[in-house]
Amino acid sequence: MARHRNVRGYNYDDDFDDDDLYGQSVDDDYCISPATAAQFIYSKRDRHQSFTEPLEEEGELEQDEDMNNPRGADTALSSVDQARLHSCLDHMREVLGDTVVEQVMIDAVLQCKFDEAKALDLVFQQDNNKNIKSISQAASSARPAKGKTRELSSPPEAQYEIVPKMAKMIVSGKKQTMGFDVPSAKPELNGQNASTKTPSTVEALDEADNGSQSVALPNMPQSPEDPNAAPTLLKSASKTKRKLNIKEELEKRQGGKPLLNLVVIGHVDAGKSTLMGHLLYLLGHVNKRTMHKYEQESKKAGKASFAYAWVLDETGEERQRGVTMDVGMTKFETKSKVITLMDAPGHKDFIPNMITGAAQADVAILVVDASRGEFEAGFEAGGQTREHALLVRSLGVTQLAVAVNKMDQVNWQQERFCEITTKLGNFLKQAGFKESDVSYVPTSGLSGENLAKKSTISELISWYKGPCLIDQIDSFKAPQRSVDKPFRLCASDVFKDQGSGFCVTGKIEAGYVQSGDRLLAMPPNETCTVKGITLHDEAVDWGAAGDHVSLTLTGMDIIKINVGCVFCSPSEPIRACTRFRARVLIFNFDIPITQGFPVIMHYQTVSEPATIRKLISVLHKSTGEVMKKKPKCITKGMNAIIELQTQRPIALELYKDFKELGRFMLRYSGSSIAAGVVTEIKE
Ligand code: GDP
C-alpha cells in the first residue's frame, strides 16, 4: 500500500529496461511517493489545459455535436469552442459523475467561459450543501441509526486545489527493516495488550536521568564540509549558503507560529480518519470538488460513510478494508500553531506503524467511540485505546486531547460523556498523564459537530461549555525544540526522485540543516550533501528540530540507505551499535523475561529483532536504587537495567543526551511488553 518503494529490494535497472514502467508507476498506488503523486496531480491539471489546444485541431468532435448539444448551444459555437466545451464536460463528469444533469453543466461551462474550475464551483454553489448532505444520508442509511442523524455542516468558505496530504511515513515492517524482514512473529496473535501498570512508572522512566539531559551545547557548528567529496557541488552550495541565526529564523517563520506534531490515536473504527478528514474539510483544506469525488467514489465502493476518512486513508487497500494502515501526514494551521497531523492506524496489526507515528509526535488526540458497547470494546483487553495511550506516553507524549466521538450516536448525553471521561481519566492518570495535561472534547466526526467551531446543538451546549476540537488543539503547549544540539534526522522514507540524487524524509529530532550541508548517515557511515530541503511540500533553505522535512541528497548511493538510518552532523555523529544497556519498565506482561528472550525493538522508524543479552539489575521504581543484581528473570511492573543485542547495527543516543533518540519500545509476539531508555552504549 505504501506509495514508497522498498528501496533496498528495488532494481532500478528495471526502470531503464522498460520505457513504460515510469508511466505505469504513476498510476500504480504502490510505487509512487506522495510527493510524486502530488506533482502528477498538478502536472495532469496543467497538461489538461494544454491538451485543449491540440483538441482544437480534432475535427471529429464536431460530428458528435448533436449528442452533446441538447439545447443547440453548439451550433452557435465555433469548432474550437465546441471542443473546449466537450473537454470541460468530460472533466466535470470525472468529478461529478452522473449526479448533475448535463444541461446544468453546459450552462455552467458557457456562463464561466470554458473555465472548468469556475464552472464546477458554480454547479456546486447551485447544488450547495446537497453533496455533503448525501454523505451523511448515505452513512446513516448504511448503518442502523442508533442516534439522531444530523446534517453535515456547511462546506467551508476557503477553496484550495490541493488535497492536503504532504507525506506518508513508510512504516510497515518489511519496508523499514534494513535488508531483511522483521519476523512478524504472528502479529498480535494472542491479542494481549499492554495495559495498566504501576502508576507513574512511565513518568519515572521519562524522568530517569533527567538532570543531565539538558546538555545545551553552544550554537551548533556548521557541518564541516569535506573538501574531497563532491567538490563542485559544495562549491556552488557554499556560495549560496548564508549564515543562519536559527532562533531568529524560527521566530520569523510562519509569523512566529510554532510547529506542533500531532498524532491521532485510538481503537480501530473509533472514527479517527473521519474526524480528522472532516476537520480538514471544515478548515478548507479539501475543496468541495475533491470531497464530492470522495463521496462518489466511496459510494461506488459501497463505503459511503467513509467519505471523510478517504481524505486521509489514501490507498486502495486502506479504502477497501476501511482501515488506516500507514501513517498519513497532513499540515493545517490553528490560530497560533502550524500542525503536522499524523493519522495513525488503530488496527492492532499496524501497531508498529502507530509506534513510528507516535515516536515523532509532540502531542496526541485520542479518539474514543462513545457508542454503547463500542467504547467498552476499545477500552477493554484486546482494544487499542489503552495500548495506544500507554505507548504514546512511553514515547514521550505528555499532552493529550481525548475526542469523545460519535456523540451523535448517544444523543449527546452528558451522562455517557462523564462515564467515559471518568473511566479514561483514571486509566490515563495511571499511565503517567498529568490530569492538567488531558482534556476531553465531545465530537461527531461524521456530522462535523464541535470540530472547527463550537457546536450549536442544544443537547450538547446545555451542559458542555468547553472548547471545540480545533481550539483544544490550538491550546496545546508548543514543546521546546533542541535546535542547539547537533543535527539528527531519522529517515522515515527513502525514495528516488526524478533528478539526480535521492530523497529522504523524516522529522528533524535535533539541530538544523541547510542546503549545502554535509551530512553523515549512520549506521552505514556514509556522507552526502544536502541539495534541497522541502517542508510541507515547499522548497526551503533550512529546516530545524521539529520539522518533518524531505531532503534531496547527492554524493551517496541510495542502496546504502534504509528507513531507520539516522542522518547527523559529521562533526558530532550519532553512534551505531549492536549492544547497549537500557532502563526498562515492564508492562502488564505475564511471561517472565529471562536472558536470551527474543523481542522486536521499535525505535523511531526502525523495527529491529533483538535479544535480551543480560539482566543487570532490578531497580526501585521511584528511587532508582538497585534492589537486586543479576536477577534470574524480570516480571511485570518491574523497573530493570538490561543489556540488549540487536541483529544489525542501530544508530542510538543516550537518553540523557537526546531524549528523543534514546527511547524505544519492546514488543513480543504482537504485544508491547516494555518501554525503555538507553543508558549505556556498548559496541
Ligand atoms: P478509524 O478506523 O478510527 O479511522 O475510523 P473511521 O474514520 O474509518 O470510521 C469508522 C466508521 O465510523 C465509519 O463508518 C464512519 O462513518 C463512522 N463514524 C466516524 N465518526 C462518526 C461519528 O461521529 N458518528 C457516527 N455516527 N459515525 C461515525
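Below, all heavy atoms of this structure are taken into account, side chains as well, without hydrogens, waters or symmetry copies. Start at 1 and go down the list; that is how both ligands and their atoms are numbered.
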Notebook entry, point to check: Quick check: does M407 get an N/O under 3.5 Å from an N/O on ligand 1?
Noted result: no
Checklist line | CZ-CZ distance between R416 and R372, expressed to the nearest 0.5 angstrom | finding: 5.0 Å
Next item on the list: Quick one: pull up CD in E459 and CD in Q414 and give me the separation to the nearest 0.5 Å.
Entry: 13.0 Å
Check: Once the angle between the rings of Y440 and F417 is folded into 0 to 90°, is it parallel (under 30°), tilted (30 to 60°) or perpendicular (over 60°)?
Finding: perpendicular
Note to self: Distance under 4.0 Å to a non-hydrogen atom of Q409: what atoms of ligand 1 satisfy this?
What the structure shows: 26 (N)
Notebook entry, point to check: What atoms of ligand 1 come closer than 4.0 angstrom to any heavy atom of K272?
Noted result: 1 (P), 2 (O), 3 (O), 4 (O), 5 (O), 7 (O)
Next item on the list: Would you mind telling me if ligand 1 is within reach of the side chain of L275, the backbone, both or neither, using heavy atoms under 4.0 Å?
Entry: neither
Margin query: Within a 6.0 Å radius of atom NZ on K465, are there more than 12 heavy atoms belonging to other residues, nucleotides or ligands?
Written below: yes
Item checked: Sub-4.0 Å atoms of ligand 1 with respect to non-hydrogen atoms of S273 -> 4 (O), 7 (O)
Notebook entry, point to check: If you count the atoms of ligand 1 from 1 in the order shown, which ones are under 4.0 Å from a heavy atom of G271?
Noted result: 1 (P), 3 (O), 5 (O), 6 (P), 7 (O), 9 (O), 19 (C)
Note to self: I'd like to know if the side chain of T443 pairs up with that of N405 as donor and acceptor (distance under 3.5 Å, no hydrogens or angles considered).
What the structure shows: yes
Note to self: Below a 4.0 angstrom heavy-atom separation, can you tell me which part of D408, side chain or backbone, both or neither, approaches ligand 1?
What the structure shows: side chain
Notebook entry, point to check: Does the pair D437 and K477 meet the rule for a salt bridge (Lys or Arg N to Asp or Glu O under 4.0 Å), with working shown?
Noted result: CA-CA 10 Å; D437 285 337; K477 288 169 256 156; 3.3 Å; yes
Item checked: For S444, the ligand 1 atoms whose distance to one of its heavy atoms is below 4.0 Å -> 22 (C), 23 (O), 24 (N)
Note to self: With respect to S447, determine whether any N or O atom, backbone or side chain, lies less than 3.5 Å from an N or O atom of ligand 1.
What the structure shows: no
Item checked: salt bridge (Lys or Arg N to Asp or Glu O under 4.0 Å) between K257 and E333, worked out -> CA-CA 9 Å; K257 280 189 177 184; E333 289 191 27; 2.9 Å; yes
Notebook entry, point to check: Based purely on interatomic distance, does K406 place a nitrogen or oxygen under 3.5 Å from a nitrogen or oxygen of ligand 1?
Noted result: yes
Next item on the list: Would you check whether V268 has a nitrogen or oxygen atom less than 3.5 angstrom from a nitrogen or oxygen atom of ligand 1?
Entry: no
Check: Going by heavy atoms, is G266 under 4.0 Å from ligand 1?
Finding: no
Next item on the list: Please identify which atoms of ligand 1 are closer than 4.0 Å to at least one heavy atom of D269.
Entry: 1 (P), 2 (O), 3 (O), 5 (O), 10 (C)
